[in-house]
Amino acid sequence: MTHELKTGGDRGYLRIATEEAFATREQVDAFLRMIRDGTADKGMVSLWGFYAQSPSERAVQIMERLIDLGEMRIAAMDATGIDKAILALTSPGVQPLLDVAEARGIAARANDHLAQACAKYPDRFIGLTAVAPQDPEWSAAEIRRGANELGFKGVQINSHTQGRYLDDPAFDPIFRALVEADQPLYIHPATPPDAMIGPMLEAGLDGAVFGFGVETGMHLLRLITIGIFDRYPSLQIMVGHMGEALPYWLYRLDYMHQAGVRSKRYERMKPLNKTIAEYFRSNVLVTNSGMAWEPAVRFCQQVMGEDRVMYAMDYPYQYEAAEVRAMDSMDLPPETLRKFFQTNAERWFKL
Ligand code: 1DF
Ligand code: MN
């Protein structure tokens, strides 16, 4: 597994990486200010207290790579054979900001900045719209601006917003705008809110190692069980990290969910039009960000269908040439590999 990594499709497919992060200086400065003035939640202190302040090689290199949307990133993509990157403002976006006007401003300027980079490298960069869910109506308008004026191909929300989840009816304008624009929502992880993070934090398990996935998987389950896809049957929701473990749980989720519905144990748990597993085959898309692991890729393809599993690198957090080679070398038919790396992303992001 030491083949050369080239862009241009020498292996029969382009590589489109679908969960790639950038940051803006003012975003990180806002995080740092919140860490210093005591308004940051525990997760931000843990995550951005590390990346924005640690002198470790990992933190310093990731900060430098996050801020760059120019030649350094293009060179990194060239070196690992990544033809196109689908870029989004890094987690948690502007969602923890308490000053809503500041949150809107930083998100809008990040969107403008990303649009400029996409215009400069139109064959390499594709943008996702950043929003400030603290203001759902503004976010809906920004989704329309992203789709209609900036050329963006979807929207990224970094899980909870100050402990609030998207199944709260207050966020409905965001879903209406998504469906109207016919664009997918990528629910990217964030550190768990203070109400959830305690036992994870004390064990060092709050971040990408585990807490991210648990919290984001729960977020998607909250949306499914409230009936989001019955309300919006055309909506497509993407999650990374091989579905944040939910595909592996589907049998038990459906069994226990149906048992809960029948027994009327919870007021909130209502009958749905489909099983949870069926929604995974009609409305959920997964990427393999952070999970360059053939058994997990094949399992998700088997459970969800091979049209619903896409490649992601998660640059700069997991910039590993060996992982690209491992995914190239999966024991899959050429057409399935092409769907994984290229054509599923083209289809679902409408590239
Ligand atoms: C990390 C990983 C950070 C991912 C991220 O955004 C992120 C990390 C702040 O390793 O701390 O997007 N990730 O998706 O795996
Ligand atoms: Mn990520």
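We count ligands from 1, going down the list as the structure has it; atoms in each ligand are counted the same way.
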Exercise for the section: Report the name of the N/O/S atom of E19 located nearest to the Mn ion (ligand 2). Expected result: OE2
Counting C-beta onward and ignoring hydrogens, is there a side-chain heavy-atom pair between [X] and [Y] closer than 4.5 Å?
X	Y	answer
Y232	N283	no
M238	T18	no
E244	H241	yes
T161	Q134	yes

Heavy-atom contacts with [X] under 4.0 Å: which atoms of ligand 1 show up? List them by number with element.
X	value
R58	8 (C), 10 (O)
L47	9 (C), 11 (O)
T90	6 (O), 9 (C)
F212	1 (C), 2 (C), 3 (C), 4 (C), 5 (C), 7 (C)
A208	1 (C), 2 (C), 8 (C), 10 (O)

Exercise for the section: Classify the angle between the aromatic ring planes of Y317 and Y51 as parallel (below 30°), tilted (30 to 60°) or perpendicular (above 60°). Expected result: perpendicular
Handout entry: ligand 1 contacted by E20 (non-hydrogen, < 4.0 Å)
Key = no
Handout entry: Contact with ligand 1 for Q318, non-hydrogen, under 4.0 angstrom
Key = no
Would [X] and [Y] count as having a side-chain donor-acceptor pair, cut-off 3.5 Å?
X	Y	answer
Q116	H113	no
Y279	D230	yes
Y186	T287	yes

Problem - Angular separation of D314 OD1 and H188 NE2 about the Mn ion (ligand 2), given to 10° - result: 160°
Practice task
Could you find the nearest protein heavy atom to atom 11 (O) of ligand 1 and give me its residue, atom name and distance?
Solution key: Y51 OH, 2.6 Å
Practice task
Could you find the nearest protein heavy atom to atom 13 (N) of ligand 1 and give me its residue, atom name and distance?
Solution key: D314 OD2, 2.5 Å
Handout entry: N, O or S from H241 under 2.8 Å to the Mn ion (ligand 2)
Key = no
Handout entry: Donor-acceptor contact present, side-chain R298 to main-chain W293, <3.5 Å
Key = no
Completion exercise
Closest to atom 5 (C) of ligand 1 by heavy-atom distance, out of Y317, W48, F50, is Y317
Handout entry: S91, any N or O under 3.5 Å of ligand 1 N or O
Key = no
Handout entry: Short N or O distance, H188 and ligand 1, threshold 3.5 Å exclusive
Key = yes
Problem - Same apolar cluster: L235 and L285, side chain cutoff 4.5 Å - result: no
